[in-house]
Amino acid sequence: MKESSSLTRFGISMEDKLLKSFDQLIREKGYKNRSEAVRDLVRDALVKETWSDKDQLVAGCIQIFYNHHQRGLMENLTTIQHEFHHMILATTHIHLDQHNCLEMIVVKGKVSELQLLCNELLSMKGVKYGDFSVTPVEID
């Protein structure tokens, strides 16, 4: 049985300059119309809101860009990952050049625990950049 879907139309007021920038973004991203772009922005905002519920079950990817010559860094990163092993599903380690590595850690767990893991990893001396993308495991 197909679930019926209903659409509701509503208007949005926007300054000319902001609208022109938004239309440029829509073209660059390949959206067919403004509605599709607005729906994606709303979905993205709702996913980010899951961070406010510390018990929410989420999955995501932690990206860490670092200098592997930093004394003790690789050992510390490994130790931290072992402490949080129950939330780590997979890791990928990429050698970008002679000095820099990118590590991607796929995770699943409660927001509160994953925030601890992210904070520990990204605050280490030698980590140049880090990011965490996340989505709820159960989406309504």
Side-chain angles (χ1 to χ4, degrees):
M1 177 181 261
K2 274 190 170 180
E3 186 177 320
S4 66
S5 160
S6 64
L7 295 176
T8 302
R9 291 183 182 266
F10 66 98
I12 298 175
S13 300
M14 198 176 294
E15 299 163 353
D16 248 2
K17 185 177 178 182
L18 183 59
L19 182 59
K20 286 179 184 175
S21 295
F22 185 54
D23 285 340
Q24 177 65 33
L25 178 70
I26 288 170
R27 284 189 296 277
E28 289 172 5
K29 298 266 184 179
Y31 286 105
K32 294 179 182 158
N33 55 54
R34 291 176 179 159
S35 291
E36 287 181 12
V38 170
R39 282 191 292 268
D40 273 357
L41 289 171
V42 170
R43 282 187 204 105
D44 186 52
L46 292 172
V47 165
K48 288 178 180 171
E49 186 62 27
T50 63
W51 282 97
S52 64
D53 179 359
K54 302 298 182 190
D55 290 325
Q56 173 77 35
L57 186 62
V58 296
C61 182
I62 302 169
Q63 298 177 58
I64 307 169
F65 177 70
Y66 63 91
N67 179 343
H68 76 263
H69 292 298
Q70 178 67 46
R71 183 182 214 152
L73 178 60
M74 292 184 68
E75 295 84 6
N76 290 336
L77 289 173
T78 301
T79 298
I80 292 169
Q81 289 180 50
H82 279 278
E83 290 171 7
F84 290 88
H85 69 89
H86 58 286
M87 295 185 299
I88 296 176
L89 303 176
T91 61
T92 301
H93 183 93
I94 301 163
H95 304 280
L96 297 172
D97 58 33
Q98 256 182 351
H99 306 285
N100 297 296
C101 295
L102 173 64
E103 194 154 330
M104 294 176 288
I105 306 165
V106 180
V107 294
K108 178 181 172 186
K110 288 185 178 182
V111 167
S112 58
E113 294 173 335
L114 291 176
Q115 283 178 322
L116 287 173
L117 172 58
C118 278
N119 292 343
E120 284 196 41
L121 292 171
L122 301 182
S123 65
M124 301 207 62
K125 184 175 182 180
V127 173
K128 296 179 179 182
Y129 176 76
D131 188 36
F132 184 35
S133 61
V134 65
T135 188
V137 172
E138 295 178 8
I139 301 175
D140 294 331

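Note: hydrogens, waters and symmetry copies are ignored here, and every other heavy atom, side chains too, is used.
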Step through the shown structure and confirm whether more than 12 heavy atoms of other residues, nucleotides or ligands are within 6.0 Å of NE2 on His86.
yes
Under a 4.5 Å side-chain heavy-atom rule over Ile, Leu, Val, Met, Phe, Trp and Tyr, are Phe10 and Leu7 clustered together?
no
Atom pair CG/NZ of Asn76 and Lys125 - distance to nearest 0.5 Å:
12.0 Å
Residues 24-39 vs salt bridge (Lys or Arg N to Asp or Glu O under 4.0 Å), sequence neighbours excluded, gives Asp23-Arg34
Take a 6.0 Å sphere around CD of Gln98 and say whether it holds more than 12 heavy atoms from other residues, nucleotides or ligands.
no
Which pair of heavy atoms, one from Gln56 and one from Pro136, lies closest together, and at what distance?
NE2-CB, 3.5 Å
Met87-Val106 co-clustered via ILVMFWY side chain contacts under 4.5 Å:
no
Please determine whether side-chain contact (heavy atoms from CB on, under 4.5 Å) holds for the pair Val107 and Phe132, giving the CA-CA distance in whole Å, both sets of side-chain angles, and the decisive distance to 0.1 Å.
CA-CA 10 Å; Val107 294; Phe132 184 35; 3.6 Å; yes
Any link between Tyr129 and Leu117 through a network of hydrophobic side chains (Ile, Leu, Val, Met, Phe, Trp, Tyr) touching at under 4.5 Å?
no
Of all heavy-atom pairs linking Ile80 and Glu120, the shortest is CG1-OE1, 3.8 Å
Run the side-chain contact (heavy atoms from CB on, under 4.5 Å) test on Met124 and Ile64 for me, step by step, so that the C-alpha distance in whole Å, both residues' side-chain angles and the decisive distance to 0.1 Å come before the verdict.
CA-CA 10 Å; Met124 301 207 62; Ile64 307 169; over 6 Å; no
Calculate, to the nearest 0.5 Å, the distance between atoms CE and CD1 belonging to Met104 and Ile62 respectively.
12.5 Å
Val58 versus Leu114, closest heavy-atom pair with distance
CG2-CD1, 3.4 Å
Is there a chain of hydrophobic side chains (I, L, V, M, F, W, Y, each step under 4.5 Å between heavy atoms) that links Phe22 to Leu18?
yes
Using the ring pair (Phe, Tyr, Trp, His ring centres under 6.0 Å) criterion, which residues pair with His95? Sequence neighbours excluded.
His93
Would you mind telling me which of Leu77, Val127, Leu116 makes a side chain to side chain contact (heavy atoms under 4.5 Å, CB included) with Leu121?
Leu77
Distance col, row Ile26:CD1 vs Ser21:OG, nearest 0.5 angstrom, shows 11.0 Å
Can you tell me how far the CD1 atom of Ile94 sits from the CG atom of Asn100, to the nearest 0.5 Å?
12.5 Å
SG/Cys118 to CD1/Ile105 distance, rounded to the nearest 0.5 angstrom?
8.0 Å
To the nearest 0.5 Å, atom CG of Asp55 lies from atom CD of Glu113 at 9.0 Å
I'd like to know if Val38 and Leu19 are part of one continuous hydrophobic network [Ile/Leu/Val/Met/Phe/Trp/Tyr, side-chain heavy atoms within less than 4.5 Å].
yes
Could you give all pairs that pass the ring pair (Phe, Tyr, Trp, His ring centres under 6.0 Å) test and reach residues 54-76, with sequence neighbours left out?
His69-His99
